[in-house]
Colleague: 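Have a look at this one before I ask anything.
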Number of protein chains: 2
Amino acid sequence: MASLRGWREGLVSARTTDSARDIPEATVARLPVYLRALTTLVDNGTATCSSEELAAAAGVNSAKLRKDLSYLGSYGTRGVGYDVDYLRYQIAREIGVTQDWPVVIVGIGNLGHALANFSGFRSRGFRVVALLDADPTRRGEVVAGIDVRDFADLDAIVREHGVAIGVIATPATAAQDVADRMVEAGISSILNFAPTVIAVPAGVDVRKVDLSIELQILAYHEQRKQAEATA
Amino acid sequence: MASLRGWREGLVSARTTDSARDIPEATVARLPVYLRALTTLVDNGTATCSSEELAAAAGVNSAKLRKDLSYLGSYGTRGVGYDVDYLRYQIAREIGVTQDWPVVIVGIGNLGHALANFSGFRSRGFRVVALLDADPTRRGEVVAGIDVRDFADLDAIVREHGVAIGVIATPATAAQDVADRMVEAGISSILNFAPTVIAVPAGVDVRKVDLSIELQILAYHEQRKQAEATA
DNA sequence: TAGATTGTTAATCGATTAACAATC
DNA sequence: TAGATTGTTAATCGATTAACAATC
């Protein structure tokens, strides 16, 4: 029922209907934020909310929220607002997290540990099916209840679990090689925590999370604020 | 010399000249990427590079790179390219990482550990001056050579080191409270790893790093790719 | 019906890109 | 001078926002 095959069919039929069309990238990036805000509202027992309330919870303005939601369809009621649970389901379906996505994490250093232990994975549509490390001395270690396995097992694991998403948590020097192997194994979406740009063929998506880049952006603005203050 | 006062003066004089003007936000976000690419080139012993080469190393197209650099000034030579080391310094100065920024990290769980141990901090213009945790049982622990201290010491630490940037690595439930206390203590730039939206007064910058949001964005595109493939 | 709130329009704003004149 | 490459222009594209007609 909740098989890979199951949601693939679901998705195809969704695309046959009117819902899954060209959603702007900026909107796609905000859908998970709305989803989280809606989950919080559900947990608080809120049944209905206005675009104004949801926008406040998500940290955007309400015009943007309504515009974003309009790309998915018409899930609100004029004069009333949105049914929180219904809208949450619709967004989850649009993103594709009504079923779990199997994920592999490569590189079990400090960051890999933190990622493996991150509880938000499970609750938000992802399931870590394997932890891989090139270092043979780590073999047999168990992190967050998951065995650390040989990086060479990647192909077998991807095939066995139908893994489409890989997380790179290795040092920068290893990242390109890991990415190449992931792509060869059939992974087509990569979340890269290594502080380096990786090259992938067309059709493979890469997103990058980079701590020092985020800090540098803050530093730039901080610098200007301080210059302002002393000017 | 390398004191807080020192770089503040440097910055003010930079702003008096023509370099530090209204740089578009999208450009600011890419400057650290260029900086990293230039550092790699310097390490490889490359003295000069063209916009084409640097753009390839940074993963952008060369028109965008040249446009971005044009906001900083004219640091290239037509027909020749850029002096790698000179351009690197100019970008570092523009971002504000020619001097170190003192940083505090609050929340020493798995992620806090990983952040504290992250070597890229030091080499990229940041220095972790304190690790703070609300849990008294963690007091006295030493992580990455830094003592874990009481969250109540925040004010004193901020004052002592002139901390302007804070990192939140707590659970979501604690994040707003931590942010409030940071702002009270005088911190005006926050990097938030907690999976929640935090509210801050105007003048305070917040950037957010959110693992499950990044994964959900990948899932969305992956879902569409798979639907495409089975269509 | 009157009040409330959505979904959409249209104007504005900002970012990207190709092309090329300037110039080393 | 001839070839190369920057810095800038102008056109295009995409995102944001305010306003409001539609409608519950």
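Worth knowing before you read on, the calculation uses all heavy atoms, side chains too, and leaves out hydrogens, waters and symmetry mates. Protein chains get the first letters and strands the later ones, always in sequence-line order, with residue 1 at the start of each.
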Colleague: Just the rounded figure in Å: distance from C1' of C/dT6 to CG of A/Asn61.
Modeller: 15 Å

Colleague: So which of A/Thr48, A/Leu72, A/Leu69 actually passes side-chain contact (heavy atoms from CB on, under 4.5 Å) with A/Leu87?
Modeller: A/Leu69

Colleague: Rounded to whole Å, how long is the line connecting atom OH of A/Tyr34 with atom P of C/dT6?
Modeller: 13 Å

Colleague: If you look at every strand shown and take non-hydrogen atoms under 4.0 Å, does B/Glu52 touch a base, only sugar-phosphate, or nothing?
Modeller: nothing

Colleague: Please state how far atom CG in B/Leu65 lies from atom C1' in C/dA15, giving the value in whole angstrom units.
Modeller: 15 Å

Colleague: So, A/Asp210 side chain and A/Ser212 main chain: donor-acceptor pair closer than 3.5 Å or not?
Modeller: yes

Colleague: Between D/dT16, C/dT16, D/dT6, spot the one nearest the side chain of B/Ser50, thanks.
Modeller: D/dT6

Colleague: Looking at every non-hydrogen atom in both residues, tell me the closest pair between B/Arg124 and B/Val97 and how far apart they are.
Modeller: O-CG1, 3.7 Å

Colleague: Using a cut-off of strictly less than 4.0 Å between a heavy atom of the residue and any atom of DNA chain C, enumerate the qualifying residues of residues 196-208 of chain A by number.
Modeller: none

Colleague: Closest nucleotide of DNA chain C for A/Ser51 versus for B/Lys64: which of these residues is on the 5' side?
Modeller: A/Ser51

Colleague: Is A/Arg88 salt-bridged to A/Asp83, cutoff N-O under 4.0 Å?
Modeller: no

Colleague: Would you say the ring centers of B/Tyr75 and B/Tyr86 fall short of 6.0 Å from each other?
Modeller: yes

Colleague: Taking atom P of C/dT6 as reference, at what distance in whole Å does atom CG of A/Leu72 sit?
Modeller: 15 Å

Colleague: Using a 4.0 Å cut-off on protein heavy atoms (strictly under), produce a 5'-to-3' string for nucleotides 7-13 of chain D with B for base contact, S for backbone-only sugar-phosphate contact, and - for none.
Modeller: BBB----

Colleague: In whole angstrom, what separates B/Asp22's CG from C/dA15's P?
Modeller: 11 Å

Colleague: Kindly indicate, with the supporting measurements, whether the criterion side chain to side chain donor-acceptor pair (under 3.5 Å) is fulfilled by A/Gln90 and A/Glu94.
Modeller: CA-CA 6 Å; A/Gln90 293 300 340; A/Glu94 190 69 45; over 6 Å; no

Colleague: Run B/Glu25 and A/His221 through side chain to side chain donor-acceptor pair (under 3.5 Å) and show every step you take.
Modeller: CA-CA 10 Å; B/Glu25 198 47 44; A/His221 292 294; 3.0 Å; yes

Colleague: Roughly how many Å is it from CD in B/Glu53 to P in D/dA4, rounded to a whole number?
Modeller: 14 Å

Colleague: Just how far, in rounded Å, is P of D/dT5 from CG of B/Asp83?
Modeller: 16 Å

Colleague: When you look at A/Arg93 and A/Thr98, which way does the side chain to side chain donor-acceptor pair (under 3.5 Å) test go after all the steps?
Modeller: CA-CA 5 Å; A/Arg93 188 177 58 76; A/Thr98 44; over 6 Å; no

Colleague: Tell me, with the steps shown, if B/Ser189 and B/Asp205 meet side chain to side chain donor-acceptor pair (under 3.5 Å).
Modeller: CA-CA 5 Å; B/Ser189 294; B/Asp205 276 304; 4.7 Å; no

Colleague: I'd like to know if the side chain of B/Thr27 and the backbone of B/Ile23 have a donor-acceptor N/O pair within less than 3.5 Å.
Modeller: no

Colleague: Would you check if the side chain of B/Gln176 reaches a backbone N or O of B/Ala199 as a donor-acceptor pair within less than 3.5 Å?
Modeller: yes

Colleague: Mind checking which stems touch DNA chain D? I mean at least 3 consecutive Watson-Crick or G-U pairs, both distances under 3.5 Å.
Modeller: C:3-24 with D:3-24

